[in-house]
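Notes to accompany the following structure.
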Amino acid sequence: MQVQHNISAMNLTTFGLTSKFEHLVHVTSVSELNSAIELAKQTHSPLHVIGGGSNVLVPEVLPGYTIRIEIVGKEVVDETATTVRVKFGAGENWHQTVAWCVERGYAGLENLALIPGTVGAAPIQNIGAYGVEQEQCFVELEAVDRQTGLPKVFDKTECEFAYRNSVFKNALVDGVVIVSVTYELRKGGTVNVKYKDLATELNRLEITSPGIADVFNAVVAVRQNKLPDPEIIGNAGSFFKNPVVEVEKHRQLLKAFPELVSFPAKAGVKLAAAWMIDRCGWKGYTNGHVGVHENQALVIIRTGQATQTQVLKLAADIQASVFEKFGVELEREVNVW
Ligand code: FAD
Ligand code: NAP
């Protein structure tokens, strides 16, 4: 187990802030993970976990031990004529995992191509894009309790998956470290191309009966065109969740804002937060340190040297202006430490 001290977070997180980890522990196995947990416990130090660092906002100095999950591996654990179950190490790169599935004709995750980060973080916020969420293929995950060091398996029900949410962001926040995730993929079958940008891209390519590789390629192309590449522009993806409001609130908003972009949701109506932020005039804004992406107003970006405080100040200003104009509270999606 490799332990580093006073390490810059710039290249270990996609926002690229001027932050540092007091101690960074690279963990490549469950036994190393147990040793790292023990180390933090013995020194009474705070403990954090990162994968790809694409959904976290780190302070100037993050005290204590930060465990970077680098546990890799792929194992087919069950197979039928129509399905295959694969157990992936939590440190596997998410996009490479999706590509691996697509190359073998295993369907289910192709709409989630090019999402940064690791397999182990995918259940945390039940990652989703273009009408698919990882829960649709999820079977179970293996985790280690941060307090006791004991292993525990979580099935789908226990994970309490919801829209960009799970038990790991609520009752079990900072409770466990995920070491593997098992997904069930289909051998072929139907694809989901109901999101407009995806359908438009497939139309443009004149693909009328898309297969999973077509969907994968289209998602990659659409995302590369629209969303900022964190290698070039620091960001952590959507900074806020799309708020879900009651039907009555939606009706009132539509009266005042007939152009409001919204979609039916399980418990009401989902509003496009990006549309509201844009209407408040934030799209393309920058103060030299941080700003709002010119193509997607939901993404806060780094436009110079920036700190967590500067990002949070802009986020708070955006939240305040959206609340003032629409009476809607935006909830942060990014994990702030
Ligand atoms: P990190 O940022 O390292 O960690 C995120 C959270 O998970 C932290 O709370 C951390 O403690 C916890 N965590 C990480 N690994 C583990 C583990 N093994 N065990 C326990 N806890 C762990 N998200 C979407 O849902 N859909 C998208 O389409 C999408 N697009 C994005 C596009 C861009 C350009 C960027 C920068 C981000 C995007 N995201 C998207 C957000 C992000 O990529 C996902 O949330 C991703 O799953 C985070 O993975 P990570 O490994 O980088 O997690
Ligand atoms: P988009 O296609 O321009 O859509 C704008 C918003 O409208 C999205 O947030 C999406 O909600 C919603 N939407 C669009 N079509 C919908 C439909 N048919 N049914 C229900 N909701 C619909 O969004 P985008 O910014 O280019 O992103 C494309 C996809 O990638 C989205 O699914 C988005 O969530 C995902 N993404 C996520 C992050 C992140 O960090 N979380 C970052 C980039 C992209 P949903 O967000 O609920 O899908």
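None of these values were measured; they are calculated from a predicted model. Indexing begins at 1, ligand by ligand and atom by atom, following the structure's order. All values below were derived from every heavy atom in this structure, side-chain atoms included, with hydrogens, water molecules and symmetry-related copies excluded.
Heavy-atom separations between Val176 and ligand 1 include at least one value shorter than 4.0 Å. Note on ligand 1: His48 sits outside its first shell, no heavy atom being nearer than 4.0 Å. Residue contacts with ligand 2: Arg164 is included, with a non-hydrogen atom under 4.0 Å away. Within the 4.0 Å heavy-atom shell around ligand 2 one does not find Phe239. Ligand 1 does not have Phe239 within reach: every non-hydrogen atom of the residue lies 4.0 Å or more from it. Within the 4.0 Å heavy-atom shell around ligand 1 one finds Arg164. The closest approach between a heavy atom of Pro228 and any atom of ligand 1 is below 4.0 Å.
Salt-bridge formation is detected for the pair Lys187/Glu79: a Lys NZ or Arg NE/NH1/NH2 atom is positioned less than 4.0 Å from an Asp or Glu carboxylate oxygen. Ion pairing between a basic and an acidic side chain is recognised when a charged N comes within 4.0 Å of a carboxylate O; Glu246 and Lys249 show no such pairing. Under 4.0 Å is where a charged nitrogen must lie from a carboxylate oxygen, and between Lys87 and Glu142 at least one such pair does. Using a cutoff of 4.0 Å between basic side-chain nitrogens and carboxylate oxygens, Lys226 and Asp197 are scored as salt-bridged. Taking 4.0 Å as the cut-off between side-chain N and carboxylate O, Lys241 and Glu329 do not count as a salt-bridged pair. Between Glu70 and Arg68 there is a salt bridge, since a side-chain N of the basic residue sits under 4.0 Å from a carboxylate O of the acidic one.
Residue Lys196 does not touch ligand 2, judged by heavy-atom distances below 4.0 Å. Contact annotation for Phe15 and ligand 1: no heavy atom of the residue comes within less than 4.0 Å of the ligand. Of all the heavy atoms of Asn55, none lies under 4.0 Å from any atom of ligand 2, so neither backbone nor side chain is involved. Looking at Tyr130 against ligand 2, both its backbone and its side chain come within 4.0 Å, counting heavy atoms. Contacts of Ile127 with ligand 1, taken as heavy-atom pairs under 4.0 Å, involve both backbone and side chain. Of all the heavy atoms of Val56, the ones lying under 4.0 Å from any atom of ligand 1 are found in both the backbone and the side chain. No part of Ala143 comes within 4.0 Å of ligand 1, judged by heavy-atom distances. Only the side chain of Asn242 comes within contact range of ligand 2, with a heavy atom under 4.0 Å; no backbone atom does. When non-hydrogen atoms are compared, ligand 1 lies under 4.0 Å from the backbone of Asn235 as well as from its side chain. In Ile124, the part holding a heavy atom less than 4.0 Å from any atom of ligand 1 is the side chain. Residue contacts with ligand 1 for Ile115 involve side-chain atoms from C-beta outward but no N, CA, C or O (heavy atoms, distance under 4.0 Å).
The closest non-hydrogen atom to atom 21 (N) of ligand 2, taken over Gln296, Lys270, Arg223, comes from Lys270. Between the choices Glu92, Arg223, His293, the shortest heavy-atom distance to atom 28 (O) of ligand 1 belongs to Arg223. For atom 42 (C) of ligand 2, the choice among Ala199, Ser54, Gly117, Ser238 with the nearest heavy atom turns out to be Ser238. Nearest-residue assignment for atom 3 (O) of ligand 2 (options His293, Glu333, Lys226; heavy-atom criterion): Lys226.
Closest to atom 48 (O) of ligand 2, if we only count protein heavy atoms, is Tyr195 OH, 2.7 Å. When hydrogens are left out, the protein atom nearest atom 2 (O) of ligand 2 is Asp197 OD2, 4.0 Å; that is the closest non-hydrogen contact. Nearest protein neighbour of atom 35 (C) of ligand 2, counting heavy atoms only, is Ala129 CB, 3.7 Å. Protein heavy atom at the shortest distance from atom 11 (O) of ligand 1 is Val49 O, 2.7 Å. When hydrogens are left out, the protein atom nearest atom 14 (C) of ligand 2 is Phe263 CZ, 3.3 Å; that is the closest non-hydrogen contact. Nearest to atom 44 (C) of ligand 2 among the protein's heavy atoms is Leu227 CD1, 3.7 Å.
Ring geometry for Trp100 against Phe88 counts as perpendicular: the plane angle is over 60°, on a 0 to 90° scale with 30° as the lower cut. In this pair, Tyr130 and Tyr195 present their aromatic rings perpendicular. The plane angle is above 60°, beyond the 30 to 60° band. The aromatic rings of Phe326 and Phe257 sit tilted, their planes meeting at an angle between 30° and 60°.
Each of the following atoms of ligand 1 lies closer than 4.0 Å to a heavy atom of Gln125: 23 (N), 24 (C), 25 (O), 41 (C), 44 (C), 45 (O). Set against the non-hydrogen atoms of Tyr163, the atoms of ligand 2 under 4.0 Å away are 45 (P), 46 (O), 47 (O). Every atom of ligand 1 is numbered from 1 in the order shown, and the set under 4.0 Å from a heavy atom of Ala236 is 35 (C), 36 (C), 37 (C). Remark: ligand 1 atoms within the under-4.0 Å shell around heavy atoms of Ala129 are 28 (O). Of all atoms in ligand 1, listed by their number and element, those nearer than 4.0 Å to a heavy atom of Val177 are 19 (N), 20 (C). When each atom of ligand 2 is checked for a heavy atom of Gly237 under 4.0 Å away, the hits are 40 (O).
Between Ile69 and Ile50 there is no side-chain heavy-atom pair separated by less than 4.5 Å. Using a 4.5 Å cut-off on side-chain heavy atoms (C-beta onward), Asn217 and Val219 make no contact. Looking only at side-chain heavy atoms (C-beta outward), Phe168 and Val173 stay at 4.5 Å or farther from each other. Looking only at side-chain heavy atoms (C-beta outward), Phe239 and Val299 stay at 4.5 Å or farther from each other. Looking at heavy atoms from C-beta onward, Leu57 lies in side-chain contact with Phe15 at the 4.5 angstrom threshold.
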If you apply the rule side-chain contact (heavy atoms from CB on, under 4.5 Å), what do you find for Ser19 with Thr13, and how did you get there? CA-CA 9 Å; Ser19 308; Thr13 54; over 6 Å; no

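Residue Glu92 holds its CD atom at 10.0 Å from OG1 of Thr118, rounded to the nearest 0.5 Å. The OG1 atom of Thr80 lies 12.0 Å from the CZ atom of Arg186; values are rounded to the nearest 0.5 Å. Rounding to the nearest 0.5 Å places CD1 of Ile124 at 5.5 Å from OG of Ser166.
In this structure, atom 32 (O) of ligand 2 has protein heavy atoms in its sub-4.0 angstrom surroundings. Counting protein heavy atoms under 4.0 angstrom from atom 17 (C) of ligand 2 gives one or more.
In this structure, Lys283 is not positioned above the aromatic face of Tyr285 in the sense of NZ or CZ being under 6.0 Å from the six-membered ring centre and within 45° of the axis. In this structure, Lys270 is positioned above the aromatic face of Phe263, its NZ or CZ under 6.0 Å from the six-membered ring centre and within 45° of the axis.
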